There are 2 protein chains.
Amino acid sequence: MPENERGARARTRQAILSAAIEVLGQNPAAALSEIAAAAEVGRTTLHRYFPERSDLLKAVAAEGSTRLDRATASARLDEGSGADALLRLCREYFDLGSLLSLIFTDPDCLSDATPILDDGCDDRFSAMIDRGHRDGTIDIALPAPWLSSLMWSQLYAGWSYVSQHGASRHEVLELLVRTVDGAVAPRATAG
Amino acid sequence: MPENERGARARTRQAILSAAIEVLGQNPAAALSEIAAAAEVGRTTLHRYFPERSDLLKAVAAEGSTRLDRATASARLDEGSGADALLRLCREYFDLGSLLSLIFTDPDCLSDATPILDDGCDDRFSAMIDRGHRDGTIDIALPAPWLSSLMWSQLYAGWSYVSQHGASRHEVLELLVRTVDGAVAPRATAG
DNA sequence: CTCTAGTGGAACTGAGGTGTTCCACTTGAG
DNA sequence: CTCAAGTGGAACACCTCAGTTCCACTAGAG
C-alpha cells in the first residue's frame, strides 16, 4: 500500500519514519506519543499510518536498511585497496547520523532486514577485508567480524561525540578515520 | 542502613544488585520481575531491599561506580608510558563484563556517581593521555575525550563480541588491545 | 460554494509494570 | 520444641502505554 502514496500522505509517512529513527535511536523503549510529537503529528495520525507498534518498527527497519544499502553502494567496496575501501565505508556510514544510534542501541531492530552485528558482517564486507589482508593494507591478525564490530562501535562513538559534545561533524569524522586507519594497519614491528 | 547488613541480607542484596547489572545491561527497560527472577528471589523480596525502582537504580549506580573505581586503581594509570597505561586500563575494564553493557547502553545510569561518557573523561584519564602525548606513545592528534570514547566503544564492542559470538574472552581481549594499540600509536608517516 | 482527504483531540478499553499489603512457609538460634 | 528472621505467593490499586472509536476542524479540488 505505501507504494502508491503521493503528496501529503507520503510526506507524513516519511516524517513519522524519520522521527521514529531519531527518537528510537535515543531511547528504543520510547512511547509512540513521543515519536508522534517528534514528527509533529497526532498520535491518532501515527496509528493511521502504522496500526501497531510492530508495523512502525518494521517500516523503520526497512527504511534503515534502505539507507544502509545506499551508503554501502556509495562506498564502492570493490575499488582500491582493502583499507581504503574500509575508510570510504566509514565516511559513508558516518553520514547516516541518528540511524547509527538506532543500529547500535537496538541491534535486533534491523537484523531482520539486514544482519549487521549478529553474524558479524555480510559478504561484501568480508570480501573487502579479505582483499585488504591480501594486498597488505589490513592487519592479517584482525578477522572480518572483529573489524565489523570495530567499525560500528567507532561510528557510534563518533556520532555520540558529535551529538553530545556538539563537536564539528567534519572534525570528528577525521578523528574517526584516523583511529580506524591506525587500528587496521599492519604492525611495523610485528611478524 | 545497608552498611550494617550481614549474612543472608547482605548476600541477597548483592545477588539482586548483580542480577540487576546483568539484566539492565541487556535491556535498560527491563521489568523488576525480570531482575527478581534473574536474582532468584521473589518480587516481594526485591521490593523489601529496594522499595522503589529508583532505589535499585541508585544502588546499581553505586555498585557500578565502586567496581569501576577498583578497576581504575588496579590499572595504575601513573606508571609506565601513556600508551601502556591506557592498554592496562583496557584490560582491567574488560574484566568488568556485563557492567560494560550497562555503562554503554545506559550512560546516564552511572553518570550521577561517576561521569564517564559525558564530560569525556576524568582527570586521571586526561593526565595519562597527556603523558602519552609527551612521551611520544600516543598520537598527538588524538585528544583525551576522543580516546575515552574510543576506549569505551571498543570495550563494549569486545564484550558484545564475547557474549554474542561466544568467542574466547582472552582471544577477544588480545584483538581489542591490538586495535586500540594501533589506533593510538603515533603515525609513522605523519608529521 | 461543496465535497473530500487528511488531520488531531477526547475518551474509552485492555494489558503490563509498579508499589503495597497480608499471609503462609522455611530455617536457624535458643 | 519455640520464636524470629527471611522469604515468596496472592491479591489489590494505581499508572502508563497501546490500540480503538468517534467527532470536529482545515485545506485543497471541483
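Treat the numbers as computed from the prediction; the structure is a model and nothing was measured. Reminder, nothing fancy here: chain letters follow the sequence lines and each chain counts from 1.
- The interatomic distance linking A:Asn27 (CG) with D:dC17 (P) rounds to 11 Å, in whole Å.
- Contact annotation for B:Tyr49: backbone-only contact, meaning every heavy-atom pair under 4.0 Å involves sugar-phosphate atoms and none involves a base.
- The side chain of A:Thr44 has D:dC22 as its nearest neighbour among D:dC22, C:dG19, D:dA18.
- Side-chain atoms of B:Ser81 and B:Asp84 include a donor-acceptor pair closer than 3.5 Å.
- If you check every strand for non-hydrogen atoms under 4.0 Å, B:Glu40 touches sugar and phosphate atoms only.
- Look at CG on A:Leu46: it is 11 Å from P on C:dT7, rounded to the nearest Å.
- The residue among A:Thr45 and B:Glu52 whose nearest nucleotide of DNA chain C lies closer to the 5′ end is A:Thr45.
- Going from atom CD of A:Glu34 over to atom C1' of D:dA18 covers 14 Å, rounded to whole Å.
- The separation between A:Arg43 atom CZ and D:dG19 atom P is 9 Å, rounded to whole Å.
- Nearest heavy-atom pair, A:Arg169 versus A:Val162, reported as atom, atom and distance to 0.1 Å: CA-CG2, 4.1 Å.
- Nucleotide C:dG19 holds its P atom 6 Å from the NE2 atom of B:His47, rounded to whole Å.
- Within 6.0 Å of the CD atom in B:Glu92, the count of heavy atoms belonging to other residues, nucleotides or ligands exceeds 12.
- In summary, the side chains of A:Thr72 and A:Tyr93 do present a donor paired with an acceptor at a separation below 3.5 Å, with no hydrogens or angles considered.
- Relative to the side chain of B:Arg9, the nucleotides D:dC17, D:dG6, C:dT18 differ in distance, and D:dG6 lies closest.
- Residue contacts shown for B:Arg53 are limited to sugar-phosphate atoms, with no base heavy atom under 4.0 Å away.
- Counted within 6.0 Å of CD on B:Glu174, heavy atoms from surrounding residues, nucleotides or ligands total more than 12; the atom is thus considered enclosed.
- The side chain of B:Leu32 has C:dG19 as its nearest neighbour among D:dG8, C:dG19, D:dA18.
- Between the side chain of B:Arg48 and the base of D:dG8, at least one donor-acceptor pair of N or O atoms lies under 3.5 Å.
- Atom pair B:Leu56:CG and C:dG17:C1' shows a separation of 14 Å (rounding to whole Å applied).
- Rounded to an integer number of Å, the gap from CD1 of A:Ile35 to C1' of D:dG19 is 15 Å.
- What separates CZ of A:Arg11 from P of C:dG6 is a distance of 11 Å, to the nearest Å.
- Side-chain N/O atoms of A:Thr12 include one lying less than 4.0 angstrom from OP1 or OP2 on C:dT7.
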